[in-house]
A.B. asks: 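What follows is a single structure, and I will ask about it in a moment.
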Number of protein chains: 4
Amino acid sequence: MPVLGKTKQEVLSEFRCSEILEAARKVFAKKGFSQATVDEIAHTAGVAKGTVYLYFPSKRTIYLAALQHGIEALHQRTGERLAQAPTLAAKIRAFVETRVEYFDENRDFFKIYYSELGNIFMAPHRLSKELNQLYSRQARVLEALLAEGVRRGEIRAVPPGPTAFAIYDLTRGLIARRLLNGAKGGGKDDVEFLMDLVWKGIEQ
Amino acid sequence: MPVLGKTKQEVLSEFRCSEILEAARKVFAKKGFSQATVDEIAHTAGVAKGTVYLYFPSKRTIYLAALQHGIEALHQRTGERLAQAPTLAAKIRAFVETRVEYFDENRDFFKIYYSELGNIFMAPHRLSKELNQLYSRQARVLEALLAEGVRRGEIRAVPPGPTAFAIYDLTRGLIARRLLNGAKGGGKDDVEFLMDLVWKGIEQ
Amino acid sequence: MPVLGKTKQEVLSEFRCSEILEAARKVFAKKGFSQATVDEIAHTAGVAKGTVYLYFPSKRTIYLAALQHGIEALHQRTGERLAQAPTLAAKIRAFVETRVEYFDENRDFFKIYYSELGNIFMAPHRLSKELNQLYSRQARVLEALLAEGVRRGEIRAVPPGPTAFAIYDLTRGLIARRLLNGAKGGGKDDVEFLMDLVWKGIEQ
Amino acid sequence: MPVLGKTKQEVLSEFRCSEILEAARKVFAKKGFSQATVDEIAHTAGVAKGTVYLYFPSKRTIYLAALQHGIEALHQRTGERLAQAPTLAAKIRAFVETRVEYFDENRDFFKIYYSELGNIFMAPHRLSKELNQLYSRQARVLEALLAEGVRRGEIRAVPPGPTAFAIYDLTRGLIARRLLNGAKGGGKDDVEFLMDLVWKGIEQ
DNA sequence: AATGAATGAGTGTTCATTCAT
DNA sequence: TATGAATGAACACTCATTCAT
């Protein structure tokens with residue numbers, strides 16, 4: 001019986017969970033929530049349908065878990081990158097770059113991420129509030145940075161909230177276009193252009 | 001039999017078509033594509049289900065027709081406003097303002113518009129190409145204006161394509177947030193901020 | 001357009017409804033509620049599964065409709081027979097005879113009827129109250145007759161309620177046994193014996 | 001290794017078996033056969049689902065074992081009481097009283113007992129024959145007593161078989177009603193009434 | 001013996017689409 | 001043209017049973 005770490009059971013269980021989540025991401029990205037079937041997710045994950053329901057109580061739950069999992073990962077990576085960036089400009093660039101990178105690596109996830117943003121306007125599930133927060137959390141990090149920048153006089157007195165959302169929107173649009181067009185190149189130029197536009201827009 | 005204009009038949013037919021499309025817009029906005037039912041659309045339009053299929057061959061077609069119809073209207077209104085604006089700055093502002101206005105008036109439609117943008121990344125329907133063009137047509141108008149502005153030296157030498165998409169993205173994000181938050185105010189301030197940011201970003 | 005009676009549509013609709021109900025009775029009798037499938041009911045009725053749901057909103061509803069339909073018919077026939085019987089003894093005999101006859105003719109229905117009596121003790125559906133009343137209505141008719149008989153001095157002063165239930169139980173048991181054993185004969189002897197026992201039990 | 005009595009293994013095995021059976025009785029009574037799950041039975045018994053299948057090969061088997069177990073117990077107790085009763089009247093009363101008592105104590109079991117009686121008419125499982133015998137064994141005891149009573153001239157010349165079933169039916173109905181109504185009182189009056197009715201019905 | 005993770009067949013219900021009237 | 005009854009494929013979710021540990 002292991003004292004530190006996890007039992008064999010727990011490891012296996014987490015592994016299954018990940019496998020299902022990864023399969024779900026693929027399938028949801030390919031088909032969208034409604035057209036995706038639990039059967040296909042199960043098959044993609046290499047397990048039987050019943051097994052999926054051992055780990056997740058409903059199709060919707062799987063979807064949200066996949067979504068949240070991806071957002072958390074993005075959030076964490078963004079946090080790390082921001083911490084390493086010395087100046088405000090560098091931080092903004094890091095924010096944009098991290099996202100471009102992350103979604104280049106996780107195209108499936110972007111489709112889900114972006115798609116769900118569209119559904120947030122639909123008939124309010126109980127979840128849209130949480131989801132809304134999950135999404136806006138990202139913008140709020142940016143907002144804090146900008147507020148700090150304004151206070152320090154690094155940038156002109158733009159309203160931090162709207163500006164943060166603006167950067168957020170620009171980034172999202174950029175990524176969407178990259179994915180739609182087949183994202184040639186490392187995206188350096190794309191990011192460069194975006195940074196140029198934004199910085200000109202907010203500098204002293 | 002009328003020689004000019006439409007026969008009684010044609011008028012009636014167009015009328016039915018519009019009614020169904022209007023009903024579809026409401027229902028799709030409320031429920032999303034998957035959760036909307038043809039039955040509900042028919043009922044909302046005040047016709048029988050079979051009648052809907054006399055005018056549209058499938059649910060998806062109704063959806064796309066509603067989408068296209070809305071986009072055309074937006075496009076037309078934008079064109080009119082742009083024509084009246086004297087300067088590049090005025091034109092950009094007109095572009096943004098028209099869209100904010102239009103979607104304020106047609107919230108139902110924005111939900112569909114935005115939602116479908118999310119689905120454009122999904123498994124490529126035959127339609128996504130057309131749809132893609134429908135969407136990007138708007139940005140190309142802007143692109144032309146910006147190219148002209150650069151040529152005339154009204155703005156600095158930004159790449160017109162990416163800049164157009166940037167303005168497009170900013171506008172879309174702004175509208176989405178307005179709708180999500182219940183869009184207080186005429187949106188003057190919102191537009192003002194956006195214009196300020198953009199113009200600073202691109203001016204000489 | 002018919003002035004009296006029903007339109008062709010209504011006739012057709014009622015016909016379908018009866019067909020489904022009849023099929024349901026057969027299938028429920030053969031399989032029991034849980035093991036019966038809507039598919040089989042539909043197939044037995046000669047319609048598609050979806051059609052069944054045009055007439056009944058759920059499997060349970062079909063079941064209850066079949067049950068109620070049968071009980072109503074029994075109730076009505078019993079009422080007619082009772083009205084024709086001159087004396088109390090004749091009325092009790094009529095009660096028993098009618099039931100024996102009815103269930104001889106509608107064996108399928110008895111199985112449902114009897115089965116559901118068993119389930120009445122289970123976790124209370126919202127329906128068990130109604131169902132309970134539906135069942136006990138029959139006994140209450142008998143109770144009224146007995147009370148009248150006691151008042152007139154036709155029988156000794158037995159408590160009408162319990163006595164009514166007793167006759168009810170005896171009848172039910174008799175029918176069950178007849179069905180289980182393959183019900184030889186018209187049941188005259190069976191009824192005769194039961195009447196003899198009961199009448200001796202309650203006569204002055 | 002013990003020569004007389006049971007090995008530790010056997011004792012443990014029987015204990016597990018009883019525990020499962022008791023749990024099954026509760027669950028089947030609460031949910032009915034179809035709605036009960038092996039999972040819930042296992043959980044109620046405090047064992048894992050797999051364990052249940054070490055002792056019983058199928059859900060249906062558990063059900064029948066629980067049923068049989070209850071019937072045997074009732075049968076045994078009835079036998080004891082009958083042996084102590086001196087006269088035929090006393091024996092009949094003992095028969096009825098014992099059953100009322102037993103089911104008052106084992107309400108869960110009555111629900112199963114009664115329910116299954118309803119299902120005995122369904123598509124003949126291989127088991128319905130056994131089950132039928134299990135049920136009718138009780139009536140046959142009564143039949144023998146009545147035959148003896150007739151022979152001795154204690155009662156009039158009623159046919160023992162049908163009369164036995166009649167008493168059986170009356171008793172079952174009485175118990176069902178007691179359980180349905182919440183069984184107020186020790187049931188003395190109920191039994192008294194039933195005995196009065198029956199005895200008047202069969203006395204010389 | 002005991003476990004509980006894994007399986008996959010089974011089913012009520014929905015709904016886009018068709019078609020006879 | 002308009003209707004709405006009929007269709008049947010599709011799908012989420014359940015659960016009895018098995019089996020590796």
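Naming: A, B, ... by sequence-line order, numbering from 1 per chain. The structure displayed is predicted, hence computed values, not measured ones.
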A.B. asks: Name the residue from D/Lys26, D/Lys49, D/Lys31 that meets the salt bridge (charged side-chain N to carboxylate O under 4.0 Å, His left out) definition with D/Glu40.
C.D. replies: D/Lys31
A.B. asks: Within 45° of the ring axis of C/Phe33 and under 6.0 Å from its six-membered ring centre, is that where the NZ or CZ of C/Lys59 lies?
C.D. replies: yes
A.B. asks: Polar atoms only, N or O, under 3.5 Å: list the protein pairs with nucleotides 4-6 of chain F and their distances.
C.D. replies:
unit_1: F/dG4; atom_1: N7; unit_2: B/Gly50; atom_2: N; d: 3.1
unit_1: F/dA6; atom_1: OP1; unit_2: C/Arg16; atom_2: NE; d: 2.7
unit_1: F/dA6; atom_1: OP1; unit_2: C/Arg16; atom_2: NH2; d: 3.4
unit_1: F/dA6; atom_1: OP2; unit_2: C/Tyr55; atom_2: OH; d: 2.5

A.B. asks: Over how many whole Å does the gap from B/Tyr53 atom OH to F/dT3 atom C1' extend?
C.D. replies: 14 Å
A.B. asks: May I ask you to check whether A/Glu116 and A/Tyr63 show a side-chain donor-acceptor distance below 3.5 Å?
C.D. replies: yes
A.B. asks: Counting only Watson-Crick or G-U wobble pairs whose two distances fall under 3.5 Å, which nucleotide matches E/dA1?
C.D. replies: none
A.B. asks: Give the nucleotide from the list E/dA16, E/dT13, F/dA16 with an atom nearest to the side chain of C/Val38.
C.D. replies: E/dT13
A.B. asks: Can you tell me the pairing partner of E/dT7 across any strand shown, Watson-Crick or G-U wobble, with both distances under 3.5 angstrom?
C.D. replies: F/dA16
A.B. asks: Using a 4.0 Å heavy-atom cut-off across all strands, classify A/Ser13 as base, sugar-phosphate, or nothing.
C.D. replies: nothing
A.B. asks: Under 3.5 Å, is there a donor-acceptor pair between the side chain of D/Tyr135 and the main chain of D/Ile71?
C.D. replies: no
A.B. asks: Grab the CD1-P distance between A/Ile20 and F/dC13 for me, whole Å please.
C.D. replies: 14 Å
A.B. asks: Name the nucleic acid region contacted by D/Ala36, choosing base, sugar-phosphate or nothing; use a 4.0 angstrom heavy-atom cut-off, strictly under.
C.D. replies: sugar-phosphate
A.B. asks: Which one is paired to F/dC11, where only Watson-Crick or G-U wobble pairs with both distances under 3.5 angstrom count?
C.D. replies: E/dG12
